[in-house]
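Notes follow once the structure below has been shown.
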Amino acid sequence: MSEHAAKPPSTATGTGGPRAVKAVIPAAGLATRFLPATKAVPKELLPVVDRPVLQYIVEEATQAGITDVLLITGRGKTSMVDHFDRRPDLEERLAKKPELLAAVKRTEDLAAIYTCRQPDQLGLGHAVGYAESHIGDQPFAVLLGDEFVKPTEPLLPAMLELQARTGGVVLAFFEVDPDQTTRYGIASVVPAEAEFADIGDVVRVTGMVEKPEPEEAPSNLAVLGRYVLPGRIFDAIRRTDPGSGGEIQLTDAMERLRTEGVPVHAIVYRGTRYDTGMPLGYLQTVVQIAAERDDLGAEFRKWLADFVNAGSSGGPRT
């Protein structure tokens, strides 16, 4: 494990309550930044080399021991479920290609995939609210569908442990440059209780500000798209009025719980985060992961170096 990853707990069990065993992935958005590519193909299925973004996210959940995943989907996005379904016809054609066959069958065995459709996209809180009948009153993880972390630098296991101990809301933050605070939700924090020191860099959250100017930002800690929430978040969502953009914001529901005495903590993540939510970040993710692949990394890095060094000449021919 990288030294930059959130550290796993030194003890195997928490003491505050049950550990979350289900995950919710909100994935109903229209992905307008990627049009026209996402007119027929969900953004979550855009490939990062040879695996779609969504598979990386489900693998992140299963690596943390979660094998029950609910996709909050929208119109025209049924192919996300198809990706994790069986393809007997394809498996038959791959019978003599064991490596490809194993890669295809792996998607079937990752997790139990369930779906729920969000008819209208009215905010992240609105989307998460649709998971109530599947989750009940138990804690659960929320993984946004356009970012994931490096498998060798996991974040979610420590978040699950921290939530089991506190019974409250657990977030993840990453550090940004001061001039980038206008792009993210920024947190105000204080040191966490000493009893959580074994988990990693834990802070207690005292508030969050959406996209503040650098001079008004309470810190440089930005919200990463990972949450572990108690079941009572659903009642808070029902009591939350539309906020920014006229949408029901998950941040507002979490802030309501915090003001009602529910503890809110966060882990500051200093590992590798891949952000595929915008074209530039998506391209950076593809290049970075391709360059690190054992099977094609060396050749790709050489080509990339030649291309960059060629500058305006158009790069090397392939």
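Residue numbers run from 1 in the order of the sequence given. Keep in mind that the numbers below use all heavy atoms, side chains included, and drop hydrogens, waters and symmetry copies.
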All heavy atoms of Pro26 vs all of Val128, minimum pair found to be CG-CG2, 4.4 Å

Notebook entry, point to check: Going by heavy atoms in the side chains, are Met254 and Leu229 under 4.5 Å from each other?
Noted result: yes

When rounded to the nearest 0.5 Å, the distance separating CZ of Arg75 from CG of Leu30 is 9.5 Å

Closest heavy-atom pair, Ala61 versus Leu156, reported as atoms and distance to 0.1 Å, is CA-CD2, 4.0 Å

Quick one: do Leu144 and Tyr114 end up in the same hydrophobic cluster if we chain Ile, Leu, Val, Met, Phe, Trp and Tyr together by side-chain heavy atoms under 4.5 Å apart? yes

| task | Answer yes or no: are there more than 12 heavy-atom neighbours, outside Glu260 itself, under 6.0 Å from its atom CD? | result | yes

Closest non-hydrogen contact found for Gln163 with Gly168 is NE2-O, 3.0 Å

Separation between CG (Leu155) and NZ (Lys150), nearest 0.5 Å, reads 15.0 Å

- Message: Less than 4.5 Å apart, side chain to side chain, heavy atoms only: is that true for Lys39 and Leu35?
- Response: yes

Any side-chain heavy-atom pair of Leu143 and Tyr227 under 4.5 Å: no

Taking atom types as modelled, find out whether Gln284 and Gln288 have a side-chain donor-acceptor pair closer than 3.5 angstrom. no

Nearest heavy-atom contact between Tyr130 and Cys116 is O-SG, 3.7 Å

Next on the checklist: Check for me, please, whether Ile25 and Val21 land in the same ILVMFWY cluster - side-chain distances under 4.5 Å, paths through other members count.
Outcome noted: no

| Does a side-chain heavy-atom distance below 4.5 Å link Leu162 with Leu160? | no

Discussion item. A quick test of your reading: do over 12 heavy atoms of other residues, nucleotides or ligands sit less than 6.0 Å from NZ of Lys105?
Written reply: yes

Partner of His265 under side-chain hydrogen bond (donor to acceptor under 3.5 Å, both in side chains), picked from Glu193, Arg165, Arg204, is Glu193

Subject >> Glu153 with Arg273: basic N within carboxylate O range, under 4.0 Å >> reply: no

Report yes if the side chains of Val142 and Arg226 come closer than 4.5 Å at any heavy-atom pair, otherwise no.
-> no

Q) Hey, is the main chain of Phe84 close enough, under 3.5 Å, to the side chain of Glu108 for a donor-acceptor pair? A) no

**Prompt:** Can you tell me if CZ on Arg51 sees more than 12 non-hydrogen neighbours from other groups inside 6.0 Å?
**Reply:** yes

Please tell me whether Leu101 and Leu110 are part of a single hydrophobic cluster in this structure, the criterion being side-chain heavy atoms less than 4.5 Å apart. no

For the side chain of Lys22 and the backbone of His134, is there at least one donor-acceptor N/O pair under 3.5 Å apart? yes

- Task: Test Val308 against Trp303 for side-chain contact (heavy atoms from CB on, under 4.5 Å), laying out the working first.
- Result: CA-CA 9 Å; Val308 172; Trp303 176 88; over 6 Å; no

Heavy-atom nearest pair, Glu147 first then Asp275, reads CB-CA, 4.2 Å

Exercise. Given side-chain contact (heavy atoms from CB on, under 4.5 Å), test Leu221 with Ile186 step by step and report yes or no.
Key: CA-CA 6 Å; Leu221 297 177; Ile186 302 296; 5.6 Å; no

Interatomic distance, OG@Ser79 vs CG@Leu54, rounded to 0.5 Å, equals 9.5 Å

Determine whether a donor-acceptor pair (N or O, by modelled atom type, separation under 3.5 Å) exists between the side chain of Ser219 and the backbone of Ala187. yes

In Phe173, Tyr184, Tyr269, the residue satisfying side chain to side chain contact (heavy atoms under 4.5 Å, CB included) with Leu224 is Tyr269

Rounded to the nearest 0.5 angstrom, the CD-OG1 distance for Glu59 and Thr107 is 9.5 Å

Regarding His126 and Glu247, is there a side-chain donor-to-acceptor distance under 3.5 Å anywhere? no

Exercise. Check the pair Asp137 / Arg232 against salt bridge (charged side-chain N to carboxylate O under 4.0 Å, His left out), numbers first and verdict last.
Key: CA-CA 6 Å; Asp137 60 358; Arg232 60 192 299 184; over 6 Å; no

Do the two ring centres, one from Tyr282 and one from Tyr274, sit under 6.0 Å apart? no

The reported gap from CD1 in Ile72 to NZ in Lys77 (rounded to nearest 0.5 angstrom) is 11.5 Å

- Query: Has the side chain of Ser188 got a donor or acceptor atom that lies under 3.5 Å from a matching backbone atom of Pro218?
  - Reply: no

| message | Measuring only between side-chain heavy atoms, which start at C-beta, is Asp201 closer than 4.5 Å to Arg270? | response | yes

Practice item. Before giving the answer on side-chain contact (heavy atoms from CB on, under 4.5 Å), spell out for Ile248 and Ile237 the whole-Å C-alpha distance, their side-chain angles and the decisive distance to 0.1 Å. Key: CA-CA 8 Å; Ile248 299 174; Ile237 290 171; 4.2 Å; yes

inquiry  = Within the 3.5 Å criterion, strictly below it, is a donor on Thr62 or Thr67 matched to an acceptor on the partner's side chain?
reply    = no

*asked:* With a 3.5 Å distance limit and no angle check, can you tell me whether Thr181 reaches the backbone of Ala217 through a side-chain donor-acceptor pair?
replied: no

> Looking at Arg87 and Asp85, does any basic side-chain N land under 4.0 Å from a carboxylate oxygen?
Replying inline: no

With a cut-off of 6.0 Å (strictly less than), are more than 12 heavy atoms of other residues, nucleotides or ligands near CD of Glu215? yes

Notebook entry, point to check: Under a 4.0 Å N-O cut-off, is there an ion pair linking Asp50 with Arg293?
Noted result: yes

Is a side-chain donor or acceptor of Thr285 paired with a backbone partner of Thr276 at a separation under 3.5 angstrom? no

| request: Determine, step by step, whether Glu132 and Arg238 satisfy the salt bridge (charged side-chain N to carboxylate O under 4.0 Å, His left out) criterion, reporting the C-alpha distance in whole Å, the side-chain angles of both residues, the deciding distance to 0.1 Å, and the verdict. | output: CA-CA 11 Å; Glu132 183 173 12; Arg238 281 192 293 272; 2.5 Å; yes

CG of Asn220 to CZ of Phe174, rounded to nearest 0.5 Å, is 10.0 Å

Val41 and Val49: same hydrophobic cluster, using ILVMFWY side-chain contacts below 4.5 Å?
yes

Self-check item: Over 12 non-hydrogen atoms of neighbours within 6.0 angstrom of CZ in Arg239
Solution: yes

Report task. Measure the shortest side-chain to side-chain distance between Arg256 and Asp252 over non-hydrogen atoms and say whether it is less than 4.5 angstrom. Result -> no

- Going by an N to O cut-off under 4.0 Å, is there a salt bridge joining Glu216 and Lys211? no

(request) Would you please test Thr206 and Val189 for side-chain contact (heavy atoms from CB on, under 4.5 Å) and show each step? (result) CA-CA 5 Å; Thr206 59; Val189 302; 5.6 Å; no

Membership question, hydrophobic clusters at under 4.5 Å side-chain separation (ILVMFWY): are Leu46 and Met278 in the same one?
no

**OP:** Assert yes or no for the condition that the ring centre distance of Tyr56 to Phe148 is strictly below 6.0 Å.
**Re:** yes

Any heavy-atom pair between the side chains of Val53 and Leu45 that's under 4.5 Å? no

Closest non-hydrogen contact found for Ala236 with Ala253 is CB-O, 3.8 Å

*asked:* Check this for me: Glu299, atom CD, are more than 12 non-hydrogen atoms of other residues, nucleotides or ligands nearer than 6.0 Å?
replied: no

